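Here the structure comes first, spelled out in structure tokens, and everything after it is commentary.
Just so it is clear, the model here is predicted, and its values are computed rather than measured.
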There are 2 protein chains.
Amino acid sequence: MTRRPSIRDVAREAGVSITTVSRALNDVEGSRLPDDTRRRVRETAERLGYAPNKMARGLRTQRSHMLGMISDHIATTPHAGRLILGAQEVAMTRGWALMLINTGGDPAAEARGIQALHQQQVDGVLYATMYHRIVEVPSALRALPLVLADARTEGDGPPAVVPDEVQGGYDATRELLEHGHRHVGLALNSDDVPATHGRLRGYRQALEEAGIAYDPELVVQEESESTGGYLACRRLLERTPRPTAIFCYNDRMAMGAYRAAAEIGLRIPADVSVVGFDNQEYIADGLYPGLTTLQLPHYEMGAWAVNRLMELIDDPARNAGDVPARTLPCPLIRRSSVAAPPA
Amino acid sequence: MTRRPSIRDVAREAGVSITTVSRALNDVEGSRLPDDTRRRVRETAERLGYAPNKMARGLRTQRSHMLGMISDHIATTPHAGRLILGAQEVAMTRGWALMLINTGGDPAAEARGIQALHQQQVDGVLYATMYHRIVEVPSALRALPLVLADARTEGDGPPAVVPDEVQGGYDATRELLEHGHRHVGLALNSDDVPATHGRLRGYRQALEEAGIAYDPELVVQEESESTGGYLACRRLLERTPRPTAIFCYNDRMAMGAYRAAAEIGLRIPADVSVVGFDNQEYIADGLYPGLTTLQLPHYEMGAWAVNRLMELIDDPARNAGDVPARTLPCPLIRRSSVAAPPA
DNA sequence: TTGTAGGCGTTATCAC
DNA sequence: GTGATAACGCCTACAA
């Protein structure tokens, strides 16, 4: 377990100066050194297993090649882990490292985390939330290149990327309408978050386009868990005329819809069709029959955010203006919970 | 957005040398400087918002204060995210940063990741897997302080921490036996992993202690998903005499058990009791009635691993010998799926 | 008790 | 084309 080779070792071994090694390895512009020198240096570097020390390089270049990712509960919540993944994979392919800070939603922890990011000299920060939220950016962050993921500020702000909730709600409803349904219930959550309003808007938009009058009685709000879904759907399915399809705010609520339908003696999808939202692993595909739902673009948001962040770091001038949030589409995942309405 | 203050700025402002600043801030042993000097330095540091540059410090001390965490799919899988969380929280409270590498199970990505960790000069590495596995440690890692989490080597090896599968299987079965069940089925998965053998062993151990003969007919193996659980439990529940309780390998299989019971017209827990494993969010608590299950100690494994890793880094001599894996208990989470057997 | 100076491994600015 | 050499910000042996 000996010391890692340094640039000096490579220089000595290749019979050149450290300057030459640095140039050969970094393809420095405007310094044309002979091909065979460059090749020789590269070979010895390879042979010695040399890789530049990022701390030293960073000290010199004032660039750590590290990105900070600060989030509330993201590491705990299932599908949001894919956001980390998307960020991490893009960062790594481009030679950057990702440093993770999980605040658990605690402002003190957040302050400590930001301090830690500063100390590590991260070149930029990703600020992510566990679900689509409107946030205020901690002022301590605004000094650094910053991108929000699954979160955005009120109005324009730093670059941000969020799911297209409206399109999601629209496509979910559309899928039901295209199967011939005319009475489509909506089991909605009761929080005041962008997803609530967005998905409802998409639902209404799809109805309107199909020439179906919006009926507020067909929209029932409950908490966004399995039990809430059960409650909402019980109520919806006991109405006359009974809705032949229900769009659920998320897959957990859809899980409750399955229970409600079973209790009433309705089969899915023969008697009632269901569409969820989130494509939540082990639920959407674990339910029987498999749940048709919409996928949140977490991986894509993570990837987009890192790419955007690296643009910002390369050219901070772009950072100047506030911009509107970018939305990414939620693709429809078809399984077996949607069919034509009963005759 | 001006340059961050350096140690020199603090020294100048406080009217001392940089040496004094360094000593005052780092509480260097054996250099007793007057309390008021120390205080003055601390105050100016505070006022200026000074925090040492970790790259510079690391370059000098050959210590990056960064831990690498390399894993296969851990960022994607739901409950395993808690392992990251446990690691991250402990690391951060002790002033260390966590650098995340997700290989997706691809050996090439793993090699690139290890290379990246080396370049960032991480002081130690956590090697984690998405579920309890027996692994071979990549030789490129053995040069660094290393701890395995939710993974271990065949036989003794570097420090490793895994869940106590046997205790889990034992406690699950025990919970059923204590409610008076004598015919306890086991819906087991069919993979050759430590959890399979461990949980089965715990099951048998509990039966034996209770003086109940082990009946291989009561153990049915299927794939460890919802469908597999359904299949296994259909078969178990159609036997005569019918088992009055089923221990399922995991919560997804338990989800299938619920469906099987419903189809046959059996109520949980009145007619049949069910215990799962994993305490998987949104499933264990989303099912109706709530599923009694065992919690995997992911958070604790992450925390334990980081603590152990920091011991190793502080005193590499301890790294010398190979040791057996440490196990952490899986606590029982009681909900509503267990009752006394029908009369 | 306090300060000066050297060096950690790089990159970049100069001479040659 | 190539190579000394001066930073980058910090810690620490050594000198004062």
Side-chain angles (χ1 to χ4, degrees), chain A residues 2-42 44-45 48-66 95 97 118-123, chain B residues 2-42 44-45 48-66 95 116 118-123:
Chain A
T2 171
R3 191 178 109 281
R4 293 186 53 207
S6 89
I7 196 172
R8 248 174 271 278
D9 299 318
V10 180
R12 185 169 354 91
E13 198 76 9
V16 293
S17 77
I18 59 170
T19 310
T20 306
V21 174
S22 176
R23 281 181 185 144
L25 262 32
N26 294 339
D27 276 326
V28 178
E29 313 264 339
S31 78
R32 291 235 48 81
L33 36 92
D35 274 355
D36 67 329
T37 307
R38 180 196 311 276
R39 194 156 27 77
R40 185 155 42 91
V41 170
R42 291 229 156 126
T44 43
L48 265 44
Y50 168 76
N53 179 324
K54 288 221 178 183
M55 287 196 297
R57 167 181 285 173
L59 185 58
R60 176 62 229 239
T61 58
Q62 301 294 29
R63 187 130 290 184
S64 64
H65 276 249
M66 284 213 313
H118 272 122
Q119 284 194 39
Q120 295 283 358
Q121 315 286 118
V122 298
D123 298 326
Chain B
T2 170
R3 192 177 108 285
R4 294 185 51 207
S6 88
I7 195 172
R8 248 174 272 276
D9 299 317
V10 180
R12 185 172 352 92
E13 197 77 9
V16 296
S17 79
I18 59 170
T19 311
T20 306
V21 175
S22 174
R23 282 180 184 146
L25 263 31
N26 293 341
D27 275 326
V28 178
E29 313 265 339
S31 76
R32 290 235 49 81
L33 35 94
D35 273 355
D36 67 330
T37 308
R38 182 197 309 278
R39 194 155 26 76
R40 185 156 40 91
V41 171
R42 290 231 157 126
T44 43
L48 265 45
Y50 169 76
N53 179 321
K54 289 222 177 182
M55 286 196 298
R57 169 183 279 175
L59 186 58
R60 172 64 229 240
T61 60
Q62 300 293 29
R63 187 131 289 184
S64 64
H65 276 248
M66 285 214 312
H118 272 121
Q119 284 193 37
Q120 295 284 358
Q121 313 288 117
V122 299
D123 297 328

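- Distance, B:Arg12 CZ to D:dC10 P: 12 Å, rounded to whole Å.
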Do any N or O atoms of the protein come closer than 3.5 Å to N or O atoms of nucleotides 8-12 of chain C, and which pairs are they?
| residue | atom | partner | partner atom | Å |
| --- | --- | --- | --- | --- |
| C:dC8 | O3' | B:Gln62 | NE2 | 3.2 |
| C:dC8 | O2 | B:Arg60 | N | 3.4 |
| C:dG9 | N2 | A:Ala56 | O | 3.2 |
| C:dT10 | OP1 | A:Tyr50 | OH | 3.0 |
| C:dT10 | OP1 | A:Asn53 | N | 3.2 |
| C:dT10 | OP2 | A:Ile7 | N | 2.6 |
| C:dT10 | O5' | A:Tyr50 | OH | 3.3 |
| C:dT11 | OP1 | A:Asn26 | ND2 | 3.0 |
| C:dT11 | OP1 | A:Arg57 | NE | 2.8 |
| C:dT11 | OP1 | A:Arg57 | NH2 | 2.8 |
| C:dT11 | OP2 | A:Ser22 | OG | 3.0 |
| C:dT11 | O2 | A:Arg60 | NH1 | 2.2 |
| C:dA12 | O4' | A:Arg60 | NH2 | 3.3 |
| C:dA12 | N6 | A:Thr19 | OG1 | 3.4 |

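- The existence of a salt bridge linking B:Arg42 and B:Asp27 is confirmed by a sub-4.0 Å separation between a basic side-chain nitrogen and an acidic carboxylate oxygen.
- Distance check: B:Asn53 CG to B:Leu59 CG gives 10.0 Å after rounding to the nearest 0.5 Å.
- In terms of heavy-atom proximity, B:Arg40 sits nearest to B:Val16 at NH1-CG1, 4.0 Å.
- A:Thr19 and A:Ser22 form no side-chain donor-acceptor contact under 3.5 Å, judged by distance and modelled atom types alone.
- Going from atom CG of B:Asp9 over to atom C1' of D:dC8 covers 14 Å, rounded to whole Å.
- Straight-line distance from the CZ atom of A:Arg63 to the C1' atom of D:dG9: 17 Å, rounded to whole Å.
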Residue pair B:Arg12, B:Asp9: steps toward the salt bridge (charged side-chain N to carboxylate O under 4.0 Å, His left out) verdict: CA-CA 5 Å; B:Arg12 185 172 352 92; B:Asp9 299 317; 3.0 Å; yes
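- In this entry the distance linking CD of A:Gln120 with P of D:dG9 reads 16 Å, nearest Å.
- Rounded to the nearest 0.5 Å, atoms CE (B:Met55) and CD (B:Gln120) are 9.5 Å apart.
- The CZ-C1' distance, from B:Arg39 to C:dT1, rounds to 17 Å in whole Å.
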